[in-house]
Amino acid sequence: MTSPRLRFAPSPTGYLHIGGVRTALFNWLWARKTGGAFILRIEDTDQERSTAESRQVILDSLKWLGIDWDEGPEVGGPNGPYSQMERLSVYKEHAERLIAERKAFRCYCTKAELDAQREALKKKDPKAQFKYPGTCRNRTDQPDLPYVVRFMVDREGSITYTDKVFGEVKTPNIEQQDFVLVRSDGVPLYNFGAVVDDITMGVTLVARGRDHMINTPPQIMLYQAFGAKVPDFAHLPMMLNQKGEKLSKRDGAVGVFEYRDAGYAPDAVLNYLARFGWSHGDQEIFSKKDLIEAFSWEACGRGDGKFDTKKFLAINHEHLKTERLLSADEYATRVLPFLAQRGLPEVTKEDVARALYTIRERARTFVEAADMLDYFFRAEPAMDAKAVEKFLVTDAAPRLRGFRDALASAEWTEADLEAKAHAYLEKEGIQIKDVAQPARVALTGRTASPGLYQVLFVLGRDASLGRLTKAIEIAEAR
RNA sequence: GGCCCCAUCGUCUAGCGGUUAGGACAUCGGCCUCUCACGCCGGUAACGCGGGUUCGAUUCCCGCUGGGGUCGCCA
C-alpha cells in the first residue's frame, strides 16, 4: 500500500476553533504515523466571509500547535496552488468536462425563481421536500444570462461507502437533487471544489467532522463522474458544548489562541483533543510522540462528546508538571511572555530556570505559573493587604527577628537554612508554624507559596533578609 | 418533518457473550504538612426502555425512546 495522502481544508472565515484543530490533528497524526503526506488547503470560496486575517490566524494556530504541513500555503508543493480562489481555472476546466459529457448542465433558473417554487410547494404541503425539478436539464440554448452549473444526479439506486470509524453507510440517491457545482460568478461550491482538489491533489483519505457526513454521497457521485478513484472516508464524532449543542462562538473559549493566551501548552491541547473521541486503553496522558505511535482510526469512538474544560485544565496541569512532556527549558521559554505581561519584561530564561522547580507541580497554566513566580523577580513583593493584616502583627515581630538572625548565619542551601531555622525554633521552644506564615508573607507578600526554604533559597540571602527586615518594621509599626 | 449518525458513572472513556463493569477528570472523606499545591488511601456514581438470539447479554439482532448532524448560488 502506498502512503496515504491526507488534508485539512479549513475555510478562513474566523479563528481556528477547537473542533477544527481536532480534525487537523487526527489527519496529521495519521500522516505522521504512516509516513504519508499532510496537505493544508485553504477553502476560501466564500468571498463574503473569507478574510486574509483569518487565514493567517489559522496558519499561526497550526504552527503554535506544532502541526506542520507537507504541502500548502508557505511551503508550496507540486499540487498547488493551495488556496481555492487561486484554482478557479482548474474548477472551470473540470466543470466544462462534465458539461461536455452531459453529466452536468447549465441552469438559468434564478435564486428568486427557485425560492418562489419552494414557497409554493411549502404552501401546498408544509412537509414536502423541495428538490430542484430539473428545469434546465435538457436546455440546448445558451442565452446570454447568468447561470450556475448543476450536477445531473441519477436518483436511482444508492451510494454506499465504508467509513473508517462508522463502518458501512448507505444513503438512497433519491435524497439527492441536481446540486450546484459552480455559482453564477464562476466560483465553485464546497462539494465540487473539495472533490476536484482532492482528486488533483491525490488525496487518498478524507477525514473530517461528522457534520460533513451528509456531503459524502454527492461527493462520491462526483468522483464516479470523473472516473476517479473514490478515497477512503473517516468521519469524527462531534465535540459538543456542555449543553450538548454544536460548539459555537457563543460557548466562550473555542478558539485555539484563547487557550494559548490562557497559558495552555500546545502538546496538552493536542493531548486533550486526541483523547476526545479516541482512546488507547486506560492511557490518559500522551506526548506528541506517544500520540503518533498510538493513533488509529479503529480506536476512534462514534458517539458525540461534550467538551469538558475541567478535564482539559487537568491535562494541561499534568503536562506542566511533567518534564518528559514539557522540558524545563521550554517551560521557561513559554512562561516568559506571561511574566512580561505582568510588567516583568527583564526576566530571563535563566532566572525562570532557577525558580521553576518551586512552582512546577503547582501551576496549572503558564498564567498561574507567572503569577506564582512574580515575587521572585520584583525588588519588593506585592504585599497582599489581608495577608499583612493577619500575619504581620505586633506579636510576630520578635519571632521574625529571631528567625531572620538565625538565617543570617546560614550557608544558604535549603538544607542549612532548614537546620539553622530548626536550631532557632528549638532554642525558643516554638513551632515552625508559629513563624512560617509571617515569614511567608514577609518573603512573598502572600499566604500561599512553595515551601519556605525553597523560597528563601531561590530568593537569595540579600533579598530574603531584606524582606524579613522590612516585614519586622511593618509589624512593629502596628 | 425527510435522510444520516449515535447511546456505559456528572464528563471523557475501557469493555469486543460469562468481569465484584475498569481508568481518568470532577465530587466527597482521610493521610501527609510551615501555607498552597503535589502525592497517597478510600467513598459516592453508569450499562435508556422493550422484545428477541443464546445455557448466558453491557456486548449480537429488531423496535421504541432520547440525543446529535444535515436539508443554501455557506463550508
Side-chain angles (χ1 to χ4, degrees), chain A residues 9-13 43-46 48-50 84 107 109-111 114-115 118 126-131 146-150 163 166-167 169-172 174-177 179-185 187-191 193-194 208-217 235 237-238 240 242 244-246 272 275-285 299 301-315 317-318 321 358-364 368 372 387 391 418 421 425 431-441 444 446-453 455:
Chain A
S11 62
T13 52
E43 305 208 331
D44 52 357
T45 54
D46 182 346
E48 299 279 302
R49 297 191 300 147
S50 295
Q84 291 192 318
C107 173
C109 299
T110 64
K111 182 103 162 67
L114 261 13
D115 285 346
R118 192 190 319 269
K127 288 184 199 144
Q129 301 291 305
F130 177 76
K131 305 273 190 208
Y147 63 86
V148 299
V149 177
R150 283 181 186 275
D163 192 284
F166 285 96
V169 181
K170 183 175 178 179
T171 310
I174 192 76
E175 285 305 310
Q176 309 301 336
Q177 60 176 332
F179 57 90
V180 175
L181 264 26
V182 185
R183 271 183 278 236
S184 52
D185 61 2
V187 178
L189 241 36
Y190 171 70
N191 276 333
R208 73 237 292 203
R210 186 171 66 74
D211 48 338
H212 280 290
M213 228 168 183
I214 197 85
N215 292 314
T216 307
H235 290 95
M238 314 224 44
L240 275 16
Q242 258 112 346
E245 307 160 324
K246 194 170 176 176
Y272 176 72
R275 272 293 284 100
F276 197 103
W278 171 81
S279 62
H280 187 62
D282 283 341
Q283 190 174 346
E284 298 283 348
I285 301 303
R302 283 151 307 179
D304 294 338
K306 294 175 187 167
F307 191 74
D308 183 355
T309 52
K310 290 237 187 77
K311 179 136 188 180
F312 194 2
L313 216 212
I315 297 280
H317 189 191
E318 195 60 38
K321 278 190 301 190
T358 67
I359 60 120
R360 186 113 200 211
E361 64 202 13
R362 292 161 215 268
R364 295 178 300 177
E368 288 185 357
M372 292 175 183
F391 291 107
E418 185 164 2
L425 295 171
Q431 301 288 308
I432 178 67
K433 63 171 181 284
D434 297 329
V435 69
Q437 282 307 74
R440 171 166 288 111
V441 174
T444 70
R446 28 234 246 192
T447 53
S449 83
L452 221 42
Y453 307 112
V455 172

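In the text below, chain A, chain B and the rest are named by the order of the sequence lines, each starting its count at 1. Worth knowing before you read on, the calculation uses all heavy atoms, side chains too, and leaves out hydrogens, waters and symmetry mates.
Ranking B/rC73, B/rA24, B/rG69 by closeness to the A/Glu284 side chain, first place goes to B/rA24. For A/Val169, the side-chain atoms get nearest to B/rC5 when compared with the rest of B/rC73, B/rC5, B/rA37. Residue A/Thr171 has its side chain nearest to B/rC3 when only B/rC34, B/rG23, B/rC3 are considered. In this structure, the nucleotide among B/rC25, B/rC34, B/rC73 sitting nearest to the side chain of A/Lys433 is B/rC34. Residue A/Glu175 has its side chain nearest to B/rG2 when only B/rG2, B/rC5, B/rG69 are considered. For A/Phe166, counting side-chain heavy atoms from C-beta on, the closest listed nucleotide (B/rC25, B/rC5, B/rA75) is B/rC5. Considering only side-chain atoms of A/Gln437, the nucleotide from B/rC5, B/rA75, B/rC34 that sits closest is B/rC34. Side chain of A/Arg275, nearest nucleotide from B/rC34, B/rG39, B/rC12: B/rC12. Considering only the side chain of A/Glu361, B/rC38 comes nearest among B/rC73, B/rC71, B/rC38. Out of B/rG22, B/rC4, B/rC12, the shortest distance to the side chain of A/Pro172 is found at B/rC4.
Taking the C1' atom of each, B/rU8 and B/rA57 are spaced 14 Å apart, rounded to whole Å. Rounded to a whole angstrom, the distance from the C1' atom of B/rU59 to that of B/rC16 is 7 Å. B/rG10 and B/rC5: their C1' atoms are spaced 24 Å apart (whole Å). A distance of about 12 Å separates the P atoms of B/rC3 and B/rC64, rounded to the whole Å. Separation of the P atoms belonging to B/rC61 and B/rU20 is 25 Å when rounded to the nearest angstrom. Remark: the separation of the P atoms in B/rG51 and B/rG69 is 32 Å, to the nearest Å. Look at the C1' atom in both B/rA7 and B/rU58: the space between them is 12 Å, to the nearest Å. For the P atoms, the distance from B/rG22 to B/rA14 is 15 Å, rounded to whole Å.
Centroid-to-centroid, the aromatic rings of A/His317 and A/Phe312 stay 6.0 Å apart or farther.
Residue contacts shown for A/His280 are absent, as no nucleic acid heavy atom lies under 4.0 Å away. Counting non-hydrogen atoms under 4.0 angstrom, A/Arg49 reaches a base of the nucleic acid. The residue A/Pro217 sits apart from the nucleic acid: no heavy atom pair falls under 4.0 Å. Using a 4.0 Å heavy-atom criterion, one finds that A/Leu452 contacts the bases of the nucleic acid, with or without backbone contacts as well. A/Val148 comes within 4.0 angstrom of a nucleotide base, judged by non-hydrogen atoms across all strands. Nucleic acid contact class of A/His212 (heavy atoms, under 4.0 Å, all strands): base. Base contact: A/Gly451 has a heavy atom under 4.0 Å from a base atom. Residue A/Ser279 is classed as a sugar-phosphate contact, given heavy-atom separations below 4.0 Å to backbone atoms only.
Here A/Lys131 does not reach the OP1 or OP2 of B/rC71: none of its side-chain N or O atoms lies under 4.0 Å away. Within the 4.0 Å cut-off from OP1 or OP2 of B/rA75, at least one side-chain nitrogen or oxygen of A/Thr45 is found. In terms of phosphate contacts, A/Lys306 brings a side-chain nitrogen or oxygen within less than 4.0 Å of OP1 or OP2 of B/rU11. For B/rG72, one of the phosphate oxygens OP1 or OP2 lies less than 4.0 angstrom from a side-chain nitrogen or oxygen of A/Arg118. Phosphate contact (OP1/OP2 of B/rG10, side-chain N/O of A/Lys310, threshold under 4.0 Å): absent. Of the side-chain N and O atoms in A/Ser449, none sit less than 4.0 angstrom from OP1 or OP2 of B/rC36. Side-chain nitrogen and oxygen atoms of A/Arg302 include none within less than 4.0 Å of the OP1 or OP2 phosphate oxygen of B/rG69.
Comparing A/Thr447 and A/Arg150 by the nucleotide of RNA chain B that holds the closest heavy atom to each, the one mapping nearer the 5' end is A/Thr447. Each of A/Tyr147 and A/Ala448 was assigned the nucleotide of RNA chain B with the nearest heavy atom; the assignment lying further toward the 5' end belongs to A/Ala448.
Judged by distance alone, with hydrogens and angles left aside, A/Asn215 brings a side-chain donor or acceptor within reach of the base of B/rA75, the pair sitting under 3.5 Å. At a cut-off of 3.5 angstrom, counting only N and O atoms as typed in the model, there is a donor on one side and an acceptor on the other between the side-chain of A/Arg440 and the base of B/rC34. Residue-to-nucleotide contacts include no donor-acceptor pair under 3.5 Å from the side chain of A/Lys311 to the base of B/rA26. Put simply, the side chain of A/Gln129 and the base of B/rG1 share a donor and an acceptor less than 3.5 Å apart.
Checking A/Arg210, A/Arg302, A/His235 one by one against A/Asp163, the side-chain hydrogen bond (donor to acceptor under 3.5 Å, both in side chains) holds for a single residue, A/His235.
One finds a salt bridge joining A/Glu284 and A/Lys311 here, because a Lys/Arg side-chain nitrogen approaches an Asp/Glu carboxylate oxygen to under 4.0 Å.
Contact of the A/Val149 side chain with the A/Arg183 side chain is not registered, since no non-hydrogen atoms from C-beta on lie closer than 4.5 Å. Between A/Arg208 and A/Thr216, some side-chain heavy-atom pair lies under the 4.5 Å cut-off. In this structure, the side chains of A/Tyr272 and A/Asp308 come closer than 4.5 Å at one or more pairs of heavy atoms.
A distance of 4.5 Å separates CG of A/Asn191 from CG of A/Asn215, quoted to the nearest 0.5 Å. Going from atom NZ of A/Lys310 over to atom CD1 of A/Ile315 covers 14.5 Å, rounded to the nearest 0.5 Å.
Counting to the nearest Å, the C1' atom of B/rC5 and the CD1 atom of A/Ile214 are 10 Å from each other.
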